[in-house]
Enquirer: 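Structure provided below as C-alpha cells; questions to follow.
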Amino acid sequence: MDAPRPRGVAGSTLRRAGFVIAAALLVALIVVLGWAIPPRAAIIATDRLGPESGEPVADYLARAQQSLAGTDAAGRWALLSFTDGVTAARIPEFSGGLRISEVDYHVAVDRVATPIIAIGVPAGEAAAVASVKSAAAQMESTDTFDARSTQVKNLVATRLRAGCACVVGVVLYGPPAELRTLAAQPGIRAVEALPADASAAVFAVSPLLPEQREAAVPGPDDGPVPAG
C-alpha cells in the first residue's frame with residue numbers, strides 16, 4: 001500500500017497551478033483590451049512660426065510672404081517680426097487693431113547670448129503694452145547656474161524694467177488681407193501666417209531677430225557682459 005502524499009505538497013502544487021492559470025488569463029485579457037481599445041495617437045504639434053534653425057533669412061522672408069497669399073477671409077495666427085526692436089508702448093502702432101496673443105522680447109547685447117522671453121497676453125492692447133513688466137519679472141525669477149548667467153539675468157531684467165526697445169515679435173490673429181497690410185508697414189520685417197485650420201497655442205514660435213541678417217543662427221557668446 002502506497003504511503004499517502006503529504007497534503008502540503010499537493011496544496012502547493014495546486015496553488016502554483018492556480019497562479020499560472022491566473023497569469024495566463026491576465027495576459028489574454030490585456031491582449032483583448034489592447035485590440036478592442038487601441039492606444040490613442042500622440043498629439044504632435046508640427047506648426048511653427050518663425051525661421052527654422054540655420055534657415056537663410058532670404059528664404060524665410062520669401063516663405064513668410066508666400067504664407068499671406070490667398071483671398072479667403074478666414075482668420076489665422078501670424079508672427080510679426082520687426083526690422084529693429086521696438087518698445088512695448090509702440091506695439092499698438094503695428095498691430096492694426098488685431099487680437100494679440102503673445103509678445104516676444106529679446107535684449108540684444110553684442111557678443112553676449114541672451115534669452116528670448118515670450119509673454120502670453122489676454123485681449124486688449126493695454127495688456128500687450130504692460131507685458132514688458134511680466135517679461136522683466138520672469139527674467140528676475142529665472143534660476144542661474146554661474147556668475148555669467150547671473151550677470152546676463154540682471155542685465156536683461158534691468159533693461160526691460162527701463163523700457164528698452166526689445167520687442168522683436170508679436171503673435172496676432174487676423175485675415176490674410178489685414179496681415180498683408182501690416183507686412184507693408186515701415187518697421188515690419190516679416191509677417192508669417194499659419195494655415196487657417198491651425199489650433200491656438202499648439203504651435204511653436206521663434207521670431208526672426210533684427211540682428212540675424214544672413215541666417216537664423218545664434219551669435220557668439222564670448223564678450224563681456226555690461227554692468228547695465
Enquirer: Is there a side-chain contact (heavy atoms from CB on, under 4.5 Å) between Val86 and Glu93 once you walk through the steps?
Expert: CA-CA 10 Å; Val86 302; Glu93 297 178 28; over 6 Å; no
Enquirer: What's the spacing between Lys133 NZ and Leu160 CG if we round to 0.5 Å?
Expert: 13.0 Å
Enquirer: Consider only side-chain heavy atoms of I, L, V, M, F, W and Y, link residues closer than 4.5 Å, and tell whether Val152 and Leu209 are in one cluster.
Expert: no
Enquirer: Do Leu49 and Leu98 belong together in a cluster built from hydrophobic side chains that touch within less than 4.5 Å?
Expert: no
Enquirer: Of all the heavy-atom pairs spanning Pro226 and Leu155, show the shortest one and how long it is.
Expert: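 Minimum heavy-atom contact is CD-CD2, 3.8 Å.
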Enquirer: If you compare all heavy atoms of Ala135 against all heavy atoms of Tyr105, which two are closest, and at what distance to 0.1 Å?
Expert: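 What the structure gives for the nearest pair is CB-CD1, 3.7 Å.
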Enquirer: Mind checking whether Val107 and Val167 sit in one hydrophobic cluster, side chains of I, L, V, M, F, W, Y counted as touching below 4.5 Å?
Expert: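 Result: yes, single cluster for both.
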Enquirer: Got a second to check how far Ile188's CD1 is from Thr181's OG1, nearest 0.5 Å?
Expert: 10.0 Å
Enquirer: Quick one: CD1 on Ile91 to OG on Ser131, what's the gap to the nearest 0.5 Å?
Expert: 5.0 Å
Enquirer: Any link between Ile100 and Ile117 through a network of hydrophobic side chains (Ile, Leu, Val, Met, Phe, Trp, Tyr) touching at under 4.5 Å?
Expert: yes
Enquirer: Take atom CD of Glu211 as the centre, draw a 6.0 Å sphere, and report whether it contains more than 12 heavy atoms from other residues, nucleotides or ligands.
Expert: yes
Enquirer: To the nearest 0.5 Å, how far apart are CG in Asp84 and CZ in Arg189?
Expert: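 If we round to the nearest 0.5 Å, Asp84:CG and Arg189:CZ are 9.0 Å apart.
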Enquirer: Check Met139 against Ala157 and note the closest heavy-atom contact, atom names and distance.
Expert: CG-N, 4.0 Å
Enquirer: Take atom CD in Gln185; do more than 12 heavy atoms of anything else shown fall under 6.0 Å from it?
Expert: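 Yes - once you tally the heavy atoms of other residues, nucleotides and ligands closer than 6.0 Å, there are more than 12.
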Enquirer: Step by step, would you call Leu172 with Leu182 a side-chain contact (heavy atoms from CB on, under 4.5 Å)?
Expert: CA-CA 11 Å; Leu172 33 70; Leu182 293 184; 4.0 Å; yes
Enquirer: For residues Arg99 and Val121, report the shortest heavy-atom separation together with the two atoms involved.
Expert: NH1-O, 3.3 Å
Enquirer: Compare every heavy atom of Ala190 with every heavy atom of Leu61, then report the nearest pair and how far apart it is.
Expert: CD2-CB, 3.7 Å
Enquirer: Is there a side-chain contact between Ile116 and Val205 in this structure, where contact means two heavy atoms from C-beta onward sitting under 4.5 Å apart?
Expert: no
Enquirer: Below 4.5 Å, heavy atoms only, C-beta onward: do Val170 and Phe94 meet side chain to side chain?
Expert: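 Val170 vs Phe94: side chains apart.
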Enquirer: Hey, could you give me the CG/OG1 distance between Asp221 and Thr114, rounded to the nearest 0.5 Å?
Expert: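 One finds 9.0 Å between CG of Asp221 and OG1 of Thr114.
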Enquirer: Can any side-chain N or O of Glu192 pair as donor or acceptor with the backbone N or O of Gly50 at less than 3.5 Å?
Expert: yes
Enquirer: Could you check whether the rings of Phe203 and Trp77 sit parallel, tilted or perpendicular, using 30° and 60° as the cut-offs?
Expert: tilted
Enquirer: What heavy-atom pair brings Val168 and Pro210 nearest, and what distance separates the two atoms?
Expert: CG1-CD, 3.7 Å
Enquirer: If two hydrophobic side chains count as joined below 4.5 Å and joins carry through other members, does Leu179 share a cluster with Leu208?
Expert: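 No, separate clusters.
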Enquirer: Report yes or no: does Tyr173 contribute a side-chain atom to a donor-acceptor pair with the main-chain N or O of Gly75 at less than 3.5 Å?
Expert: yes
Enquirer: Is the backbone of Leu68 close enough, under 3.5 Å, to the side chain of Arg180 for a donor and an acceptor to pair up by distance?
Expert: yes
Enquirer: Start with the C-alpha distance between Val112 and Arg148, add both sets of side-chain angles, then the distance that settles side-chain contact (heavy atoms from CB on, under 4.5 Å), and finish with yes or no.
Expert: CA-CA 10 Å; Val112 176; Arg148 183 177 178 86; 3.9 Å; yes
Enquirer: Taking side chain as C-beta onward, heavy atoms only, is Val57 less than 4.5 Å from Pro51?
Expert: no
Enquirer: To the nearest 0.5 angstrom, please state how far the NE2 atom of His106 sits from the SG atom of Cys164.
Expert: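 Going from NE2 on His106 over to SG on Cys164, the span is 10.5 Å.
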